[in-house]
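Working notes, structure below.
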Amino acid sequence: MVAAEIPAIVLGSSSNQRRMPVIGLGTAPETNSKTSTKDAVLDAIKQGYRHFDTAAAYGVEPAVGEAIQEALKLGLVGSREELFVTSKLWCTNNHPHLVVPALQQSLKTLQLEYLDLFLIHWPISAKPGKVTYPIEQTELVPFDVKGVWEAMEECQRLGLTKAIGVSNFSCNKLEKLLSFAAIPPAVNQVEMNLAWQQKKLRDFCKENGITLTAFCPLRKGASRGTNAVMDNDVVKEIAEAHGKSIAQVCLRWLCEQGVTFAVKSYDKERMKQNLQIFDWSLAENDYEKISQIEQERLIKGPTKPLLNDLWDDEM
């Protein structure tokens, strides 16, 4: 498998029309994984993955950076330019004066000269300090979205990142951002899967030239109880009809929506299967079945207790 077999999407407001591979490997930490992040990223590169999604808050930037350096040294990739690396600004750094230093710190930790994409992780600000999850509501302070976005634009102008974007932004929050952005967000990364299909947000982003990236594309790990996607009889039925795995059906559906996605699996065989989604299609009657899947948001927010207005009541 070579990287060229994975389709890529040109990011609208990126420097030099940066291309983002449709599928990326997510690196959010998982307690029950037997494989280290470094080994998983190396395995993924060997299999043809070129897009890696990480974040300062995940605590794995050092491991991702080490894997990239090793891959370059071993000649698994010809150059850094062949890779697409995303990282994110945590809420404690969601302050205009802390954005550039936070990105510089991520670059240092990742041993990189630039990111391909830098995202605001959540549309909220917390008091500066160390990362805690969930964030206590008492730690929250007003989010200066205009000031923070201007600092994000500065990151792109300085060449520290090829593109900038957001994560977990509703249509309402995107609309506000677009009203003053000199460089519009290239990407909005949100939860999106067959049990949370995000139709309204998909349409809004398409109209405004924003690429959607799905996290939790397979919903959640089996360790957390019943999975509304992987344990869904309708999806099982579609998978059997095509001779594919349930995960492949989920990812193929995302692919056909024109979105990109970061899928988290450190298992070599599953990583390989997740790439085998580009040479077949879902049928019209599959879409009819998919439209009947019950919808519910899984990731409701990063705070304790949850915020009532985080999603602006959008479906």
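Scope of the values below: all heavy atoms of this structure, side chains included, with no hydrogens, waters or symmetry mates.
- Pairs engaging residues 156-166 under the side-chain hydrogen bond (donor to acceptor under 3.5 Å, both in side chains) rule: Ser15-Gln156 [sequence neighbours left out].
- Under the ring pair (Phe, Tyr, Trp, His ring centres under 6.0 Å) criterion, His97 pairs with no residue, sequence neighbours left out.
- For residues 172-190, the set of pairs meeting the salt bridge (charged side-chain N to carboxylate O under 4.0 Å, His left out) definition, not counting sequence neighbours, comprises Lys173-Asp312.
- Scored by the ring pair (Phe, Tyr, Trp, His ring centres under 6.0 Å) test, Tyr58 finds His121 as partners (sequence neighbours excluded).
- By the side-chain contact (heavy atoms from CB on, under 4.5 Å) test, Ser79 is found to be paired with Glu81, Glu82, residues two or more places apart in sequence or in another chain being considered.
- The shortest side-chain heavy-atom distance between Leu298 and Trp196 does not fall under the 4.5 Å cut-off.
- Applying the salt bridge (charged side-chain N to carboxylate O under 4.0 Å, His left out) test to every pair with at least one member in residues 60-80, sequence neighbours left out, gives these pairs: Lys38-Glu70, Arg80-Asp116.
- Through direct or indirect side-chain contacts shorter than 4.5 Å among Ile, Leu, Val, Met, Phe, Trp and Tyr, Met20 is connected to Leu11, Phe84, Leu117, Leu119, Val187.
- With sequence neighbours left out, the side chain to side chain donor-acceptor pair (under 3.5 Å) criterion links Thr109 to Gln105.
- Using a 4.0 Å cut-off between a side-chain N of Lys or Arg and a carboxylate O of Asp or Glu, Asp53 and Lys88 qualify as a salt bridge.
- Not a single ring pair (Phe, Tyr, Trp, His ring centres under 6.0 Å) links Phe261 to another residue, sequence neighbours left out.
- Considering only residues two or more places apart in sequence or on other chains, Leu310 meets the side-chain contact (heavy atoms from CB on, under 4.5 Å) condition with Trp122, Pro123, Ile124, Pro302, Leu307.
- Figure legend: cation-pi geometry between Lys206 and Phe204 absent, as NZ or CZ is not positioned both under 6.0 Å from the six-membered ring centre and within 45° of its axis.
- Identified under the salt bridge (charged side-chain N to carboxylate O under 4.0 Å, His left out) test for residues 241-260, with sequence neighbours left out: Arg252-Glu256.
- Connectivity analysis of hydrophobic side chains (ILVMFWY, heavy atoms under 4.5 Å, direct or indirect) links Leu98 to nothing; its cluster partners are none.
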